[in-house]
Amino acid sequence: LRVLLYDWGWFAQRRLPVPVLAVGNLTLGGTGKTPVVIMLVDWLLAQGKRVAILSRGYRRTSTASYLLVSNGERLLVGPSEAGDEPFLMAQRCPKAIVAVGADRYELGDWVLKQFPVDCLVLDDGFQHLGLYRDVNLLLVDATDAEGLSASVPAGRLREPLRAAARATAIVVTRADVPAQVTEVCRRLRATLGSMPDPIQAVFRPESLVSVVTGASQPLSWSKGKTALLCSGVGHAGSFRSIVETIGIRILDEAVYADHHAYTSQDIERLSTRAAELQAELIVTTEKDACKLVSLLQPTDNWWAVRLTTHVTVGEDRLRRLVLGMGNRLKAESEG
């Protein structure tokens, strides 16, 4: 109904004076938005653009309408106040401004009044229809074709699959298995009809980072080591598969709900379990690591897997879309 009200013009879509790039999905759960946002922001920063990331800050403890997580020079709040994903994006993109707030238009306007910004990136912005997007990227998980079958509560879709037609481009993530990509594309085409071949991306482990010290080790360092896994993310199965590719021997796994707020009791239970198993490491995700660091002791042997996004199909097309946003806006204003 909300989409229809925007289509009919009953709700107005507002524009900000800089290009806006949105990254989002249609399904509940993790499709890899955070690593994709990090990659795209890195592309923009490498071109000399001044970038601000706008996020809702899901499950943050701060009640401020607008909260600055990073001013592009330093982190200003912790992961609890900011939300784990905005905090991680601010950590991984230290030159980007990161702000959180429910109303992305008002949040963007608030940021633009404080900082000279060339472009805005909306994290999880596909359903945020009140703000005009120059580029609207939709992520679809290749390993979750069944997630496209039905809307909540019968299935995992936030809105009907035909909403994918709003996307400027579709990016199929976790596109490691061609048969899975083919099945996802079949389902999309059955609903949308003809559509361009989607861009494809995969997530690869880059290194292991100490949760306590931030020190980094190459993947080869952990090969053959035993570990207890710990994660509170939208796709725990994907995390386990990635750890397996590194060559770590997984002895057991603790899976929490997405955005889990860790307690000292959680740490005690996990440490006890790791000792029982004689696990050499406790391995977690970067998103979880943000929340765990304050609960750990200097001697705790916890490590986070750092991921990078690799575009395997359609990288040139994606770069043109993302890096050409400012040129299109300039052409429109001159026209």
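Taking the charged nitrogens against the carboxylate oxygens, K287 and D258 do have a contact shorter than 4.0 Å, which makes a salt bridge. The existence of a salt bridge linking E85 and K33 is excluded, since no basic side-chain nitrogen approaches an acidic carboxylate oxygen closer than 4.0 Å. Salt-bridge annotation for D266 and R269: present, with a side-chain N of the basic residue lying under 4.0 Å from a carboxylate O of the acidic one.
Using modelled atom types and a 3.5 Å distance limit, the side chains of T173 and T31 yield no donor-acceptor pair. Judged by distance alone, the side chains of H310 and T308 do bring a donor and an acceptor atom under 3.5 Å apart. For the residue pair R204 / T245, no side-chain donor-acceptor distance below 3.5 Å is found, with atom types taken as modelled. Side-chain atoms of D144 and H235 include no donor-acceptor pair closer than 3.5 Å. R189 and S194 share no donor-acceptor pair across their side chains, judged by distance under 3.5 Å alone.
Note: the hydrophobic cluster containing L188 does not contain V171 (ILVMFWY, side chain heavy atoms under 4.5 Å, direct or indirect links). By the criterion of side-chain heavy atoms lying less than 4.5 angstrom apart, applied directly or through intervening Ile, Leu, Val, Met, Phe, Trp or Tyr residues, W303 is grouped together with V243 in one hydrophobic cluster. Side-chain heavy atoms closer than 4.5 Å link hydrophobic residues (I, L, V, M, F, W, Y) into clusters, and following such links, even through other members, never connects V3 to I170. V172 and M39 fall into different hydrophobic clusters, where Ile, Leu, Val, Met, Phe, Trp and Tyr are joined by side-chain heavy atoms under 4.5 Å apart, directly or via other members. Criterion: ILVMFWY side-chain heavy atoms under 4.5 Å apart, direct or through other members. Under it, L88 and W43 are not part of a common hydrophobic cluster.
Contact annotation: the side chain of L122 never approaches that of V23 to less than 4.5 Å [non-hydrogen atoms, C-beta and beyond]. Side-chain contact between R158 and L28: present, with at least one pair of heavy atoms (C-beta onward) separated by less than 4.5 Å. At a threshold of 4.5 Å between non-hydrogen side-chain atoms, the residues V322 and L44 count as touching. A 4.5 Å side-chain heavy-atom check between L131 and L16 finds at least one atom pair inside the cut-off.
A distance below 6.0 Å separates the ring centres of Y262 and Y256. Between H128 and F126, the gap from one ring centroid to the other reaches at least 6.0 Å.
Contact between G83 and P86 at its shortest, heavy atoms only, is O-CD, 3.3 Å. Looking at every heavy atom in both residues, V20 comes nearest to Y132 through CB-O, 3.7 Å. S264 and L295 get closest at one heavy-atom pair: N-CD2, 4.3 Å.
A perpendicular orientation is assigned to the rings of Y6 and F11, their planes being inclined by more than 60° (bins at 30° and 60°).
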side-chain hydrogen bond (donor to acceptor under 3.5 Å, both in side chains) assessment of R174 paired with S238: CA-CA 8 Å; R174 301 191 177 98; S238 175; 2.8 Å; yes
Residues 274-283 side chain polar contacts: donor-acceptor under 3.5 Å, at least two apart:
residue : atom : partner : partner atom : Å
E276    : OE1  : R273    : NH1          : 3.3
E280    : OE2  : T226    : N            : 3.0
E280    : OE2  : T226    : OG1          : 3.3

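Both the sub-6.0 Å distance and the 45° axial angle are not jointly satisfied by R50 relative to the ring of F115.
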